[in-house]
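Working notes, beginning with the structure itself.
All figures in this text were calculated on a predicted structure; none of them were measured in a lab. By convention in this document, chain letters (A, B, ...) are assigned in the order of the sequence lines, proteins followed by strands, and residues within each chain are numbered from 1.
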Number of protein chains: 2
Amino acid sequence: MTQTDTKIRLLDAAESLFSQQGFTSASLRAITTAAQANLAAANYHFGGKEALLSAVLERRLLPLNQQRSDRIDQVLAAATTAGTRPEVEALIRAFIEPTFAFRRDKNGSSEFISIIGRAMTSADPLVRDLFLALVQPLFSQLHQALCQALPQLTPQLIFTRLFFTMGAMGHCICFPGMSQIFNGNSASNPEDDIFMTNNLIRFVTAGLEAPC
Amino acid sequence: MTQTDTKIRLLDAAESLFSQQGFTSASLRAITTAAQANLAAANYHFGGKEALLSAVLERRLLPLNQQRSDRIDQVLAAATTAGTRPEVEALIRAFIEPTFAFRRDKNGSSEFISIIGRAMTSADPLVRDLFLALVQPLFSQLHQALCQALPQLTPQLIFTRLFFTMGAMGHCICFPGMSQIFNGNSASNPEDDIFMTNNLIRFVTAGLEAPC
DNA sequence: GGTCATTTAAAACGAACGTTTGAATTAAGT
DNA sequence: ACTTAATTCAAACGTTCGTTTTAAATGACC
């Protein structure tokens, strides 16, 4: 049982319990117990509870943001090659699809996604600022891309509507099993998730493209 | 200083601190101190912290929901009189406008609104269920009304899109001073709030009316 | 003014929290 | 095998929490 093992088990346990109970309510005792580690291990490996949250966020969010950023760049590059404006739906899809795919594919990250769903509007400025600092560049990138796609709208209005988009999406990812309730299913399955994702994309695209 | 005085001061202080710090982080000690009451007063007048939250929610939410419900009924009645279908925008406006007007008008309730913005997606099932039980009838009423307004869409799809609507709106009310950042203002003012409200109504109306 | 219920007050309860300590244990390097 | 660094462990630190208790103060009513 090496150092890396314990660190990863701590990150996994923290991710799961932060997701289920929130940052404040999930105690280091519960996290270290779930990770089969000693209570002091969290402070030894990360330096404190806040630093543990930071590590949990960065482990998943940095790769996810890179993926979303790359897809936005691909949409912009294709539009440039074709000599057209980027399409709103393609940009929104580039942003939203990886987020929900992340929840289906990676191990344990289905619970992570609900952390960021709540971090966005957390009452705790510590949690909120940690998250916002990590997504701010991506948010600006998407905003600028949407300004290209919607030249008839002011950047201010696009900003406002992008804010609504974040709200609609954040609401969907606050609970791991949100998508299945739309179809009345009790067990989680990929089809429900894809149904919700496509409908969300259609919804916010229509909202973003609404006449001024 | 009568009993009513203390109860009201406790509700006001709890509302403010629950809003700023969340249910778990806001302690009864901080609340009773802010209310200029003894620590034991919260348990004496309400029976416990959970019951205090319940009282805080009911005090504001019952009148607000009545107001929203009445306005939805008015839209439906007007459509029936005119022999037409109710309009989506009118129904959404009936639901959203009182919520934001509530924030501007009533004393102290600007902070309350951010409580319900977060309660909707709270990780704490106690907070979440308390809120959901209070809004479920109104939610069903709005859903049924929207089904009348959008007969070409399935109730299931309308439900999904109404869920997105709740997310977009909930995101806007999580912070008292959210509306002003759209216009770059530092101080809160009614115009920013109305700007956001109207744009939110336009955004979700377009999303709800999007072709299937 | 005296009686009784209501409300306020100070103090303490046990439990849970994040963090720290110092010794014991394990792994790594020579 | 020995030394040294890294890791794990049990225990305790001081704080804060929601709640309860018991007495004092305040109110209403006859």
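Looking at heavy-atom distances under 4.0 Å, B:Ala30 makes no contact with the nucleic acid at all. Among the protein residues, A:Ala40 comes within range of the nucleic acid bases, having at least one heavy atom under 4.0 Å from a base atom.
Ion pairing between a basic and an acidic side chain is recognised when a charged N comes within 4.0 Å of a carboxylate O; B:Arg59 and B:Asp12 show such pairing.
For the OP1/OP2 pair of C:dT8 and a distance below 4.0 Å, the side-chain nitrogens and oxygens of B:His45 include at least one atom meeting the criterion. Residue A:Ser27 places at least one side-chain N or O under 4.0 Å from the OP1 or OP2 atom of C:dC17.
When rounded to the nearest whole Å, the span between CZ of A:Arg29 and C1' of D:dT15 equals 12 Å. We find that NZ of A:Lys49 is positioned 19 Å from P of D:dT15, with the value rounded to whole Å. As a whole-Å value, the separation of B:Asn43 CG from D:dT19 P is 5 Å. Atom P of nucleotide C:dA27 and atom NZ of A:Lys7 are separated by 18 Å, given to the nearest angstrom. Atom pair A:Asp5:CG and C:dA27:P shows a separation of 11 Å (rounding to whole Å applied). Between the CZ atom of B:Phe23 and the P atom of D:dC17 there is a distance of 13 Å, given to the nearest Å. Here the C1' atom of nucleotide D:dT8 and the CG atom of A:Leu10 are 12 Å apart, to the nearest Å. For the pair B:Leu52 CG and D:dG18 P, the interatomic distance rounds to 10 Å; values are reported in whole Å.
Residue B:Leu39 has its side chain nearest to C:dA11 when only D:dA12, C:dA11, D:dT8 are considered.
The aromatic rings of A:Phe102 and A:Phe112 sit perpendicular, their planes meeting at an angle over 60°, well past the 30° parallel limit.
The number of heavy atoms from other shown groups lying within 6.0 Å of CD (B:Glu50) does not exceed 12.
B:Asp70 and B:Gln66 form a side-chain donor-acceptor contact under 3.5 Å, judged by distance and modelled atom types alone.
Taking the nucleotide of DNA chain C with the nearest heavy atom to each of A:Leu28 and B:Asn38, the more 5' of the two is matched to B:Asn38.
The two residues B:Ala26 and B:Leu17 make their nearest non-hydrogen contact at CB-O, 3.6 Å.
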